[in-house]
Amino acid sequence: MALCGAFHSFLFEYDTPRIVLIRSRKVGLINRAVQLGILAYVIGWVFLWEKGYQETDSVVSSVTTKVKGVTLTNTSNLGVRIWDVADYVIPPQGENTVFVMTNVILTLNQSQGRCPELPDDQTKCKEKNNCVPGYVSTHSSGIQTGECVHYNSSIKTCEVFAWCPVEDDYHIPKPAFLREAENFTLLVKNNIWYRKFNFSKRNILPTINSTYLKNCIYDAQTDPFCPIFRLGKIVEAAGQDFQEMAVEGGVMALQINWDCNLDRAASHCVPKYSFRRLDNKDSAHTVSPGYNFRFAKYYKNSDGTESRTLVKAYGIRFDIIVFGKAGKFDVIPTMINIGSGLALFGVATVLCDIVVLYCMKKKYYYREKKYKYVEDYELVSINKGRVKAELLPPLTPQRF
């Protein structure tokens, strides 16, 4: 029966808000404070800061780069040598990235054959049984032949079939081999497009002429729109030391921000550059710090045999990261945000109801005024009719 009664109430009851005017200074202040807070949020944050009246679009971007710079080295292995872009930029072009070699370990005149492995705790041997034929060496430089041979007059190591002599990369050159690379320059050409608004632009602004472009170097204060960057300045702007980073290499981000308000003139849509280091610089707590890779240059000797120079290149990879958002006035987001803002004013009513009905001293009195229960008029009339019928005496038939 209780369940039937509850179901009957659910089907045949209707709640409608009741307006009660409460003259209370405390409640009035709470109500106005919440309304003002909502108004400040809608106007200040939604419309002024977030520009809720605008349609937005994300940037589509393309990047090309060009490095310039020449340096001279003089070593016992190579003698006097000039290094230009073709030597230290590897590969010549990348996708939104450029690698500049700053340090190098060269292993000259390698040819395929048998030679002793570099000595360490695993490759040192005293007899043939210590070496396993077919086993890949610790340094992955070759495959063991099973022989134990002299590395020098005092040390024996396992023999490997490999490109000989094997690479010795235990000692990284310090200072960096191409330490003058900090004076090299990087030209970044960036084209952007906002598809929704059919708006395109590039970071070489219309105000930049060829004379300026040949002589400018980016500076956040004096030349903030120059697209040519000195490598040392990029690393310095990220709070790093170029000479320290050049020894083992690393990864830098050159960030270009294209946040544009297209309700203003197109001349106000300009790039903003920032720089940061992406890899972990703490070499004491990182396995395999920095950035390096290997490649080889192959040669044919006069006797027809093949030889190569193995290059282990350390350097700095510059990743050009382009991001941004453009906005322009549109009726639809404006109306949506206005409607959402108006709906938020209902929060003030709910909050004040909670204070009045549950927190104030006269909460029970306010509840009586807030809620009123009304029976349906037809049901009341039927019930009253039944009561009257029960009170009347029964009718007896009469004869005429």
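These numbers were taken from a predicted model, which means no experiment stands behind them.
Looking at Phe225, Tyr218, Trp258 one by one, the single match for ring pair (Phe, Tyr, Trp, His ring centres under 6.0 Å) with Tyr273 turns out to be Tyr218. Asn261 pairs with exactly one of Lys325, His268, Gln54 by the side chain to side chain contact (heavy atoms under 4.5 Å, CB included) rule, that one being Gln54.
Tyr41 and Leu36 sit in two unconnected hydrophobic clusters of ILVMFWY residues. Membership requires side-chain heavy atoms under 4.5 Å apart, directly or through other members.
With values rounded to the nearest 0.5 angstrom, Cys226 atom SG is found 9.5 Å from Asn215 atom CG. To the nearest 0.5 Å, atom CD of residue Glu236 and atom CZ of residue Phe242 are 11.5 Å apart. Separation of atoms NZ (Lys300) and OG (Ser307) is listed at 9.5 Å; rounding is to 0.5 Å. One distance of note links CD1 of Ile228 with NZ of Lys189; it measures 10.5 Å at 0.5 Å rounding. From Asp120, atom CG reaches atom OH of Tyr170 across 4.5 Å, with rounding to the nearest 0.5 Å. To the nearest 0.5 Å, atom CG of residue Asn109 and atom OG1 of residue Thr309 are 6.0 Å apart.
Side chains of Ser274 and Asn257: no donor on one and acceptor on the other come within 3.5 Å. Side-chain contact check for Arg179 and Gln243: no donor-acceptor pair (N or O, by modelled atom type) lies under 3.5 Å. Residues Thr305 and Asp303 have side chains that bring a donor and an acceptor to within less than 3.5 angstrom of each other.
Distance alone, capped at 3.5 Å, is enough to place a donor-acceptor pair between the Asn190 side chain and the Ser62 backbone. The main-chain N or O of Thr56 is found under 3.5 Å from a side-chain atom of Lys196 such that the two form a donor-acceptor pair. With hydrogens and angles disregarded, a donor-acceptor distance shorter than 3.5 Å links the side chain of Thr334 to the backbone of Tyr53. In this structure, Asn337 contributes its side chain and Gly52 its backbone to a donor-acceptor pair below 3.5 Å.
A 4.5 Å side-chain heavy-atom check between Tyr291 and Ile316 finds every atom pair outside the cut-off. In this structure, Val188 and Val63 have side chains that are in contact, with non-hydrogen atoms separated by less than 4.5 Å. By the 4.5 Å heavy-atom criterion applied to side chains, Tyr314 and Val247 are not counted as neighbours. Between Val331 and Phe329 the shortest side-chain heavy-atom distance falls below 4.5 Å. At a threshold of 4.5 Å between non-hydrogen side-chain atoms, the residues Ile143 and Val160 do not count as touching. Taking the side chain as every heavy atom from C-beta outward, Val166 and Glu117 approach each other to under 4.5 Å. You'll find the side chain of Ile38 reaches within 4.5 Å of the side chain of Val34, heavy atoms only. For the pair Arg81/Asp87, a side-chain contact is recorded, criterion being any heavy-atom separation below 4.5 Å from C-beta on.
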*Show your working on ring-ring contact (aromatic ring centres under 6.0 Å, His included) between Phe318 and Phe229 and close with a plain yes or no.*
CA-CA 11 Å; Phe318 296 90; Phe229 305 86; 9.7 Å; no
_Assess the residue pair Asp319 and Arg317 against the criterion (salt bridge (charged side-chain N to carboxylate O under 4.0 Å, His left out)); give the C-alpha distance rounded to whole Å, side-chain angles, the decisive distance to 0.1 Å, and a yes or no._
CA-CA 6 Å; Asp319 293 344; Arg317 193 183 76 193; 3.0 Å; yes
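Heavy atoms of other residues, nucleotides or ligands lying less than 6.0 angstrom from CD of Glu95 number 12 at most. Applying the 6.0 Å contact sphere to NZ of Lys174 captures no more than 12 heavy atoms from other residues, nucleotides or ligands. The number of heavy atoms from other shown groups lying within 6.0 Å of NZ (Lys156) is above 12. The neighbour count for Lys201 NZ, taken as heavy atoms of other residues, nucleotides or ligands under 6.0 Å away, is above 12. Within a 6.0 Å radius of CG in Leu72, other residues, nucleotides and ligands contribute more than 12 heavy atoms.
With sequence neighbours left out, Asp241 forms a side-chain hydrogen bond (donor to acceptor under 3.5 Å, both in side chains) with no residue at all.
Counting all heavy atoms, side chain and backbone alike, Pro173 lies closest to Asn103 at O-ND2, 2.9 Å. Taking every heavy atom of both residues into account, Thr107 and Pro165 meet most closely at CG2-O, 3.5 Å. In terms of heavy-atom proximity, Met101 sits nearest to Leu178 at O-CD1, 3.3 Å. Nearest heavy atom pair, residue Phe199 against residue Cys269, reads CE2-SG, 3.7 Å. The nearest pair of heavy atoms linking Ala181 to Thr102 is CB-CG2, 4.1 Å. For the pair Tyr299 and Arg308, the tightest heavy-atom approach, listed with the atom from each and the gap, is CD1-CA, 4.1 Å.
Using a 4.0 Å cut-off between a side-chain N of Lys or Arg and a carboxylate O of Asp or Glu, Lys312 and Glu167 do not qualify as a salt bridge. Ion pairing of Asp169 with Arg294 is present here, as a side-chain N (NZ or NE/NH1/NH2) and a carboxylate O approach within less than 4.0 Å.
Checked against a 6.0 Å centroid threshold, the rings of Tyr88 and Phe184 count as neighbours.
The stretch residues 101-116 participates, sequence neighbours left out, in these salt bridge (Lys or Arg N to Asp or Glu O under 4.0 Å) pairs: Arg114-Glu159. Pairs of residues two or more places apart, or lying in two chains, that qualify as salt bridge (Lys or Arg N to Asp or Glu O under 4.0 Å) and include a residue from residues 250-277 are Arg277-Asp279.
Of the two cysteines examined, Cys125 and Cys148, the SG atoms meet the criterion of being under 2.5 Å apart.
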